[in-house]
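Residues: numbered from 1 along the sequence shown. Given the structure is predicted, the values throughout are model-derived calculations rather than measurements. Counting convention: from 1, in listed order, for ligands and their atoms alike.
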Amino acid sequence: MASETKFGVRRYRMYINGEFVESASGKYFPVTEPSTEEVMAEVPEANEKDVNRAVAAAKAAFDSGAWPQTTAQDRGRILFRIAERIRKEAAHLAELESRNSGKPIVEAEYDIADAATCFEYYGGMATKILGHVNPVPDNALSLSLREPIGVAAQIIPWNYPLLMAAWKLAPALAAGCTCVLKPAEQTPLTALELAGYFTDAGLPPGVVNIITGLGEECGAPLVKHPDVNKVAFTGSATVGKAIMKAAADTVKRVTLELGGKSPNIFFADADFESAIDGALFGVFINQGEVCSAGSRILVEKSIYPKFVEAMSAKAKTIRLGPPLERETKMGPLVSKDQFDRVRSYQELGKKEAKLAAGGGRAASMTRGYYVEPTIFYDVDNSARIAQEEIFGPVAAVIPFAGEAEALRIANATPYGLAAAVWSRDIFKALRMVKALRAGVVWVNHMQPTYVEAPWGGYKQSGFGRELGPWGIEEYLETKQVHINLNEQPIGWY
Ligand code: NAI
Ligand code: MG
């Protein structure tokens with residue numbers, strides 16, 4: 001899938017109809033390593049022609065050829081083999097992921113293992129897609145059958161590149177769909193590596209196509225294509241809204257995961273040490289480039305000064321460094337664009353609130369898109385740094401008095417992806433759990449994510465659920481079958 005150019009840059013090809021190919025234009029675009037700001041690879045720049053080619057391959061593979069004949073058992077086995085190969089190549093994949101995205105190698109290793117687990121989980125689920133017998137009041141057999149939706153377009157972001165590819169591909173394949181996956185332009189490399197495992201795993205050509213390109217030139221025509229039956233998207237709210245509109249013309253099924261501004265809520269009776277760790281982990285994991293980042297930290301007034309102080313002191317000790325060093329706890333942001341965006345929010349925060357830690361570029365690093373873990377306090381929930389998704393290591397700490405106020409502030413956002421509550425009073429925690437308007441709620445933890453449990457947002461964080469049995473539902477249609485058991489003619493006219 002990759003060759004060396006004369007400048008020593010790895011040149012990848014993309015994957016259409018079971019083959020590694022160039023783009024129709026023959027153009028490539030550079031992929032940057034965020035810790036060095038240097039080009040680490042080139043990938044084909046796909047445009048509408050390539051989209052058409054990939055969708056045609058996916059449609060042909062759905063309509064005819066080996067895939068529609070592949071049993072659920074065999075679809076499951078193919079997914080198990082993909083998982084096994086990911087585990088075998090885990091060290092290589094983790095290194096590539098870490099270099100390309102900037103995430104610490106230890107986090108990348110978790111992500112790669114989770115990606116394999118996701119293929120295993122849905123490999124097992126392929127044989128558990130069940131229909132129903134409907135108890136209709138007639139001499140008839142009424143059935144509901146579950147069938148794959150068809151061709152799925154899957155557009156993913158750069159924060160968990162291979163894991164997001166797994167979350168999209170594994171349930172779709174288990175359901176019997178075919179796929180055109182577009183990785184983010186910043187981080188296409190591990191998805192292209194993954195493509196190299198498909199033929200060995202027994203996946204017929206055209207079932208998965210992976211095309212690399214930019215949002216407007218490649219993502220947009222993919223969403224509009226009339227032969228695409230479903231779009232699954234994870235990314236920004238702006239693009240999510242555009243996708244929803246574009247999908248309307250051909251009534252595509254859509255699922256959207258659009259991030260958020262998730263509250264991480266600390267009551268005075270929470271275990272203090274765990275709380276400080278939980279606040280930092282919740283917002284700084286993966287450099288804060290996490291859709292469920294606990295970026296609004298709500299703290300009960302009686303512990304507020306002590307909390308801000310302890311959290312800030314500990315934030316200053318977070319080890320920033322090259323992502324491949326095992327001691328590194330925070331790497332660079334993914335790109336110059338994201339660096340500029342996060343830097344501008346750091347500056348905005350200095351006008352909107354008080355700064356307790358960080359606030360700038362990481363001075364210790366001479367190159368790379370590193371920013372300091374940053375904590376603002378005395379933030380008003382209506383401030384832009386409390387309302388807008390920053391997607392970087394920037395926390396907004398907000399004081400509250402009592403449960404009712406915590407809840408009001410927590411829910412006062414257009415988003416609703418996730419929330420966390422910290423308290424040793426289980427009844428208080430459960431009252432909050434019930435009243436929080438979010439698709440994922442953690443108690444005395446934040447961020448653990450499991451393939452067995454549903455993932456997705458309320459409100460403008462999107463709709464549809466990934467993972468667990470919910471994840472496969474989004475790739476299935478339901479067909480009603482009515483079998484008349486009467487022997488005499490129907491006789492209405
Ligand atoms: P983005 O939403 O533009 O990119 C995500 C994916 O959508 C990429 O594959 C991109 O190529 C594709 N895309 C872009 N424009 C498209 C279009 N018109 N039609 C179809 N596909 C399109 O996100 P971006 O610009 O990388 O990041 C901006 C902000 O978005 C971040 O700062 C963050 O706030 C948010 N974001 C949220 C994510 C989440 O997990 N919910 C992930 C990534 C970004
Ligand atoms: Mg964008």
Between [Y] and [X], is there a side-chain donor-acceptor contact under 3.5 Å, judged purely by atom types and distance?
X: Ser23; Y: Lys49; answer: no
X: Thr117; Y: Arg87; answer: yes
X: Thr374; Y: Gln346; answer: yes

Classify the ring geometry between Trp455 and Trp442 as parallel (under 30°), tilted (30 to 60°) or perpendicular (over 60°).
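Because their plane-to-plane angle lies in the 30° to 60° range, the rings of Trp455 and Trp442 count as tilted.
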Which parts of the protein, at residue level, reach under 4.0 Å of ligand 1 through a heavy atom?
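Protein residues near ligand 1 are Ile155, Ile156, Pro157, Trp158, Asn159, Lys182, Pro183, Ala184, Glu185, Gln186, Gly215, Glu216, Gly219, Ala220, Phe233, Thr234, Gly235, Ser236, Val239, Glu257, Leu258, Gly259, Cys291, Gln338, Arg341, Glu389, Phe391.
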Electrostatic pair Arg341:Asp337 at N-O distance under 4.0 angstrom:
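Salt bridge absent between Arg341 and Asp337.
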Taking all heavy atoms of Leu181 and all of Ala165, pick out the closest pair and write down the distance.
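Closest pair (atom of Leu181, atom of Ala165, distance): CD2-CB, 3.9 Å.
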